[in-house]
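Input: a single structure, listed below in structure tokens.
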Amino acid sequence: MSALSGLTALSESLLEQERLYSSGVYNKRPVEIVRGEGALLWDVQGRCYIDCAAGHGVANIGHGRAEIAAALAAQAQRLITCPESVYNDVRARLLERLAQLMPSGLQRFFLCNSGAEAVEGAIKFARLATGRPGIIATLRGFHGRTFGALSATWERSYREPFAPLVPEIRHVRYNDLAALERAIDDQTAAVLIELVQGEGGVHVADPVYVRELARLCQERGVLLIVDEVQTGCGRTGRFLACEHYGLQPDLLCLAKGIAGGLPMGVIALGERVIASGRLTPGTHGSTFGGNPLVCAAALETLDIIEREGLAERAARLGQHALQRLSALQSPLIREVRGLGLLLGVELRTRVQPYLEALLERGVLALPAGPNVIRLLPPLVISEEQLDHALDCLAEILLQAGQPGQPAVTEVTAESHPAGSEAISGGASAEQGAEIELLYRMVSIPSLSGQERPLATWLAEYLPRLGLRTSLDEVGNLIATVPVDPEVAGRAPLVLLGHMDTVPGAIPVTIREGKLYGRGAVDAKGPLAAFLAAAARLAKRGGLQRPIVVIGAVEEEAATSRGARAVVDRYRPYACLIGEPSGSRAVTLGYKGRLLVDGRVVRPCGHSAGPRQTAAEAAAAFWERVRLHAEEWNREHGGSSPFAALQPVLRSIESGQDGLHEWATLRIGYRLPLACSARELRAELERWAAEAELAVSFSGEEAAFQAPRTTRLVRAFVQAMRAMEIQPAFKVKTGTSDMNVVGPVWGPEIVAYGPGDARLDHTPEEHLALEEYMEAIAILERVLTSLAQEVAGRGEDEER
Ligand code: PLP
């Protein structure tokens, strides 16, 4: 069930907005970053992170630099926009400065706005200067997402959906001179490489390869384009990675860190390109390219990099980090690579769970392909901060396979002594494994939005119990009992539990037959019981309809993204929601919910005057809400908590700035079945208009109650009676995923699971193992009887 503080609720509604309105092309991490300073970032809840991502390698000079803010403010007041079709003093200074920083021979520049645009332009200039179409790029190379840059990028999944791409661009093995030699022909305009492949897994170019590659390009009249979008601006321990190799390319691309975090790309043009005489007016251009605002930021950034010796710092800290990482003795690590502060740790497994475990420890790092962890911190990171980040990385890599950690090794009941000891009270091997499952699930932290490590662990572990697993697009775990093909099309039994918990770590222990830990009751106990019962049926086989267990994400976050993602995917024969009802009861209904935010703003007046203040107006609005609920409950017989309309004042604040005074309030409603949220909203809007108060609504969920007369309830009653248990029925005053799926999936639904719901969200959260085992036994009977039932007409139509 959901418990929201005002702050998290507000933040959730902002996250929801981003989810609703952003394109969907980013794999977002569950953090909302609002502030940065140096190598530190803070999220909306004030939690601090060490930034080892630097905004994908952008924030080389660190976050929150006052010098950049001042340069921008000053330039913004002078002149922001000024295309390159006229001259500009700031741009002129930047061009001169860039010329001083480049290898000799690269003395002219095209200014643009991003890395991809720089690569795109470099490809165009190479074709223009040589009059030839061919571009040779490398395996694992990454150059951006616009068409030319994308065509040179190697990763298939980025390229293929957009075919046909730019022709005459091919890929050869990296660090393989012979392959390159074979690929160059009389149609080749240029070879395009990164000196350290960043996105492609942090692979460093071999010096002999680079030397010979440059010679080959010279000999065969082919241009050499070096993409320093990620390696430039001090990142690798020199201002340019080219300097490590004494390399003088024909075209060099910069972006990311060049303008202190503002968007800018640079193409440096060598003599062979200029001497072609083909870069004439009109052949290329960019409206924003070289605008004075960004040029001012770039000048300031270059000053900072030089003044603070950031390239040297990257070299020193990078060396230190490489040494520490190379000394790690973890069976997970395949190789450690890097140059300066562009570091990669290649694992023998997928890195995603480890990145999430790092995030939980307050370290933001990046992947580079599926199995490389990439560290790309701001170059201003302190030694202590870097060491702390490395400590965290070491901890998760060395502890992998321990309880609570993403596992790569075989996980069995025997491998976990605490679990085996705790269950050695005459329990069968099957029961031992079921308690082990619960113990593991509770041990892996899984706050809302951070369920991935648990989901991944379950996906790897459950096949050993006979279940098929996958993760869906939002991160829900889907575990199914294998069935014969002729049964697969029938309406399934869907067991929808949730993996996420509220915050508050509780050490996971088993004492006196009770398992303590966050989520033991809400709702890993119920979900583990679902999985264990499904596994029992999988072992037995012969089912007449599919069984799907879903470990959903974000139930506690009120966004219920997990449940929303599956609601249209299934049309279940019957559904069980995993919430604690106690093993001897089923929950038939949940109340609904509505959040109301109000805001009133007034011009300041004399405090002694007769008029109502903003704070009084907000308080009067709340009073009206309260009285209305009292009246509604009298009229509708809302005396029981389930039938009552219950508003709660969650926050009320006011303030003023000398000109205006304002007040805000937040009200949370628990809605009974008999109250229509639509009518209530209309009423609230009317009162708000009268009080000159602006209102908005969120988190709306209708109440839902299933009848007692369904085949699902019958199955529970029979199962419990067969075990000499008198079944009980409950309704709850909170909300659950039943509110999301109930209105669509219909009456064959109950919530069920072991555990005392009064322990939800408390520091004492624990589950009696005997009750857990009893719930599994009841579920086994319920599922067996439903899975054998012959459906009525129309009940099995396919979705
Ligand atoms: N080239 C390299 C080497 C990069 O690492 C990137 C981005 O990660 C790009 C090009 C594309 O840069 P942008 O995202 O600014 O278009």
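Read the numbers this way: they start at 1 and go in the same order the structure lists the ligands and their atoms.
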Below 30° counts as parallel, above 60° as perpendicular, anything between as tilted: where do the rings of His284 and Phe110 land?
tilted
Nearest-contact summary for [atom] - protein heavy atom, Å:
atom                    : result
atom 14 (O) of ligand 1 : Lys256 NZ, 4.8 Å
atom 5 (O) of ligand 1  : Gln230 NE2, 2.7 Å
atom 15 (O) of ligand 1 : Gly115 N, 2.8 Å

Between ligand 1 and His56, can you find any atom pair, the residue atom being a heavy atom, that is separated by under 4.0 Å?
no
Of all the heavy atoms in Gln197, does at least one lie under 4.0 Å from an atom in ligand 1?
no
Ion pair check, [X] and [Y], cut-off under 4.0 Å:
X      : Y      : value
Glu228 : Arg238 : no
Glu67  : Arg307 : yes
Arg93  : Glu96  : no

Can you find a side-chain donor-acceptor pair between [X] and [Y] that sits under 3.5 Å?
X      : Y      : result
His203 : Asn175 : no
Thr138 : Gln197 : yes
Ser326 : Gln323 : no

Given Ala149, Ala116, Gly57, identify the one with the heavy atom nearest to atom 16 (O) of ligand 1.
Ala116
Taking N or O atoms only and a 3.5 Å limit, does [X] qualify as a polar contact for ligand 1?
X      : result
Val229 : no
Glu117 : no
Glu194 : no

Ligand-residue contact atoms, ligand 1 with Gly144, heavy atoms, under 4.0 Å:
10 (C), 11 (C)
Go through ligand 1 atom by atom and flag the ones less than 4.0 Å from a non-hydrogen atom of Asp227.
1 (N), 2 (C), 3 (C), 10 (C)
I'd like to know whether Arg65 forms a salt bridge (charged side-chain N to carboxylate O under 4.0 Å, His left out) with Glu308, so could you lay out the CA-CA distance, the side-chain angles of the two residues, the decisive distance to 0.1 Å, and finally the verdict.
CA-CA 13 Å; Arg65 297 291 310 220; Glu308 299 186 0; 2.7 Å; yes
